[in-house]
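Note that the structure is predicted; figures quoted are calculated from it, not measured. In what follows, every heavy atom counts, from backbone to side chain, and hydrogens, waters and symmetry copies are set aside.
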Amino acid sequence: MGEWVAALPVSIVILLLLFVPGVAALRGAGVRGLALFAFAPLLSVAGIAVAALALGAARIPWSPVSLGAFLLLLVVLAWILGRVLGRPADDAGSRTETRRWLLPLGLGLGVLFGAWRLIAYIQDPVGISQTNDAVFHMNAIRYILDSGNASSLHISGVIGGEGFYPGAWHAVVSAAVAVTGAPIPLAANSFTVVIGAVIWPLGLAWLTRALTGSARIAGIAAVLSGALQLYPLLMFQWGVLFPNALSVALLPAAVAVVMVLPLWHRPGDALRSWVRGVLFVGIALAALALAQPAALPVWGLVCVIWFTDRLLRARIGLRLATRIALIVIGWVAVGVAWLLLAGGTGGSHWPPFRSKFEAIADVLLNSQLRVAPAWGITLLMLVGIFFVVRAPALRWFGVVWLALSVLYGLVSSVGMPLVRDVLLAPWYADPYRVAAFAPLAVIPLAALGLDLLVGWAARARRHDEGPVRSVAGIAVAAVGMLLIVCLRPVPMPAFLEGTYDAESRYITADDTYLNVDERSLLEALPEYVEPGSRVIANPSSGAGFGYMLSGVDVFPRTWSPPRSAAWATIASSLRDVGTDAEVCAALDAYGHPEYVLDFGPGERAPGRFRMPGMTDFSGKPGFEQVAERGDVSLWRITACAR
């Protein structure tokens, strides 16, 4: 824990990046209270990601100064618009809430428990997730710092790609590294804690208050925000899915802002209210799209369910035919956007793995992907569902829970090509990404269920329901979370194999993907390799992290090798370079690398490859050993010298 305390300045810088611009701009726009802090990360994330795009297009180097200047302009613009459009009407929630300390207390406990759970899993603040996707994300941060360009249109250049890649997460982490000088893994892990333990509880609390009108229930939701392994923890175990994790954390506030827009409307000022609403929704959409567009279909689904319910129930001066037409337009818009997003992905990458009955059991027990059933949260959720089904004003949220449950049922148990290649394509038919959306509905329902149980218990004992209900709900939720973080195991389930990780994927050991010797040699590469030299390696070993750890051009920079005849020759025959002229020709296709890392032949696993020609160079003509650490070594390729 002492190492995490020492790393606190990096977390503080990330918090400042995510909250100072957003809070300052929203204050200028007249936003107050919980909305101010819950929506601030969306505005800041959108602002930082747009700054990266704008600075990249203008060829202005990415730096704390250029980013700060852009964000200052954003804040000034927000204050100008605030003066022109006026401040939103007050949506302080239920005015019967007299204990204003309950919500801050709930948020504080939620932050504490969320951070505790994530830190307990990551363990080492400079630990690196031993996963395929981590190779790309970590190297992308180094690429941003080296190139001075954090644009979402530039990031994929780290692997020689072109086009758009959602880069909000990378922009924030690179900015934190640029400000603090911290190691890239430390900044990434600090951002992980902020995402799961700060942004997520704030968003859930605001969503719950928008749903129930109760700050008391919102405080309970904040305490319970980290109760399910499905999110936030699982997103940092599997993949590792940093951009997805950020977009899911932003999702509750992106939904809540839509729900409160009618409350922010000022009578007699329709035009300015509409413009203000369009701006807030646009900010939410930009934040989600630039973090990870995969959250957009769920945002649209939840919002259109709410919109449908509001139009059908609200007493507004619209004929039934007009209401139905607006509802149809809303659903068609979501459907078209869904299909467009599906068409921009690679379709289905994962098969179904559960029967339909098992999938139903999973969503009822909150045991998706074979995680341990969340018995306490499940009980509270069922009570919450029972209540919302009986409450017309809240019934739509029960439909949201059902819709998210159906999505998981489809991804886990239905193999139809139309379902997997189209409907589930925004998430590559990946059950981990789909299951992460469940807490969006489960936690508010569980908070509502706990509040109801506490109220029933108070009435049964003939206590004054108000004071008991205000304090006991937070207290029971806190005790439950204390038991969860202390006693509940959180092994990462491998759904296809039906197995579980024995330990955290952030631990570097002698037998991990990136082992101790490999990391030591990679970090020392600048001592042995001349500036500008290229080092090749089998990326199915820990060598894939070489560029990030050293700044040296270690190739490839992602977990998978190039798909070419030249690389196939290198993978199978590099150690024969002294006797096979074709190998030198293959090396020329990749920039005539001067060095090679011998990290062994690699492994056979999803996303991993064996390359028998890229090991055992000792005694082979055309190689000269430069350095070694334990069983791994760095060699100069002399056979193709020019």
Novice: Sequence neighbours left out, what passes ring-ring contact (aromatic ring centres under 6.0 Å, His included) with W62? Give chain and number order.
Specialist: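 ring-ring contact (aromatic ring centres under 6.0 Å, His included) check on W62 returns nothing, list empty.
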Novice: Who pairs with W338 by ring-ring contact (aromatic ring centres under 6.0 Å, His included), at least two apart in sequence or on another chain?
Specialist: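 Result, ring-ring contact (aromatic ring centres under 6.0 Å, His included) vs W338: W427.
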Novice: So for atom CD, which belongs to E3, do other residues, nucleotides or ligands contribute more than 12 heavy atoms lying within a distance under 6.0 Å?
Specialist: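 No - once you tally the heavy atoms of other residues, nucleotides and ligands closer than 6.0 Å, there are 12 at most.
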Novice: Side chains of L67 and L71: does their closest heavy-atom pair fall under 4.5 Å?
Specialist: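 A side-chain contact under 4.5 Å exists here.
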Novice: If we ignore angles and hydrogens, is there a donor and acceptor under 3.5 Å between the side chains of S129 and R505?
Specialist: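 Looking only at side-chain atoms, R505 and S129 do not form any donor-acceptor pair under 3.5 Å.
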Novice: Could you tell me whether Y165 and F136 have their ring centroids closer than 6.0 angstrom?
Specialist: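 Yes, they do, as the ring centres are separated by less than 6.0 Å.
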Novice: With the side chain counted from C-beta on, respond yes when L290 and S152 share a heavy-atom pair under 4.5 Å apart, and no when they do not.
Specialist: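 L290 vs S152: side chains touch.
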Novice: In chain order, what residues pass the ring-ring contact (aromatic ring centres under 6.0 Å, His included) check against H154, with sequence neighbours excluded?
Specialist: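 Testing H154 for ring-ring contact (aromatic ring centres under 6.0 Å, His included), a comparison that skips the adjacent residues, returns Y143.
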Novice: Does atom CZ of F164 have more than 12 heavy-atom neighbours from other groups under 6.0 Å away?
Specialist: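 Counting other residues, nucleotides and ligands, CZ of F164 exceeds 12 neighbours.
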Novice: Sorted by first residue and then second, give each ring-ring contact (aromatic ring centres under 6.0 Å, His included) pair with at least one member in residues 39-59; sequence neighbours left out.
Specialist: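 Found F39-F280.
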Novice: Can you name the side chain to side chain donor-acceptor pair (under 3.5 Å) partners of S66, sequence neighbours left out?
Specialist: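 Counting only residues at least two positions away or on another chain, S66 forms a side chain to side chain donor-acceptor pair (under 3.5 Å) with S63.
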Novice: Check whether any side-chain heavy atom of Y547 sits under 4.5 Å from a side-chain heavy atom of V158, and report yes or no.
Specialist: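 Contact flag for Y547/V158 side chains = yes.
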Novice: Please step through ring-ring contact (aromatic ring centres under 6.0 Å, His included) for the pair Y432 and Y231, ending with a clear verdict.
Specialist: CA-CA 10 Å; Y432 292 94; Y231 188 86; over 10 Å; no
Novice: Under the rule for side-chain contact (heavy atoms from CB on, under 4.5 Å), what residues qualify as partners of P556, not counting sequence neighbours?
Specialist: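 Scan of P556 (side-chain contact (heavy atoms from CB on, under 4.5 Å), adjacent residues dropped) gives P539, P562, W567.
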Novice: With side chains defined as the heavy atoms from C-beta onward, is the minimum distance between F37 and L26 less than 4.5 Å?
Specialist: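 SC-SC contact between F37 and L26 ruled out.
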Novice: In terms of ring plane angle, is the pair F191 and W169 parallel, tilted or perpendicular, where the classes change at 30° and 60°?
Specialist: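 The arrangement is parallel - the two ring planes meet at less than 30°.
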Novice: Pair D133, W238 - check side chain to side chain donor-acceptor pair (under 3.5 Å), show working.
Specialist: CA-CA 9 Å; D133 289 48; W238 166 254; over 6 Å; no
Novice: Distance-only, no hydrogens or angles: does the S151 side chain make a donor-acceptor pair with backbone N or O of G56 under 3.5 Å?
Specialist: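 No, because the side chain of S151 does not come within donor-acceptor range (under 3.5 Å) of the backbone of G56.
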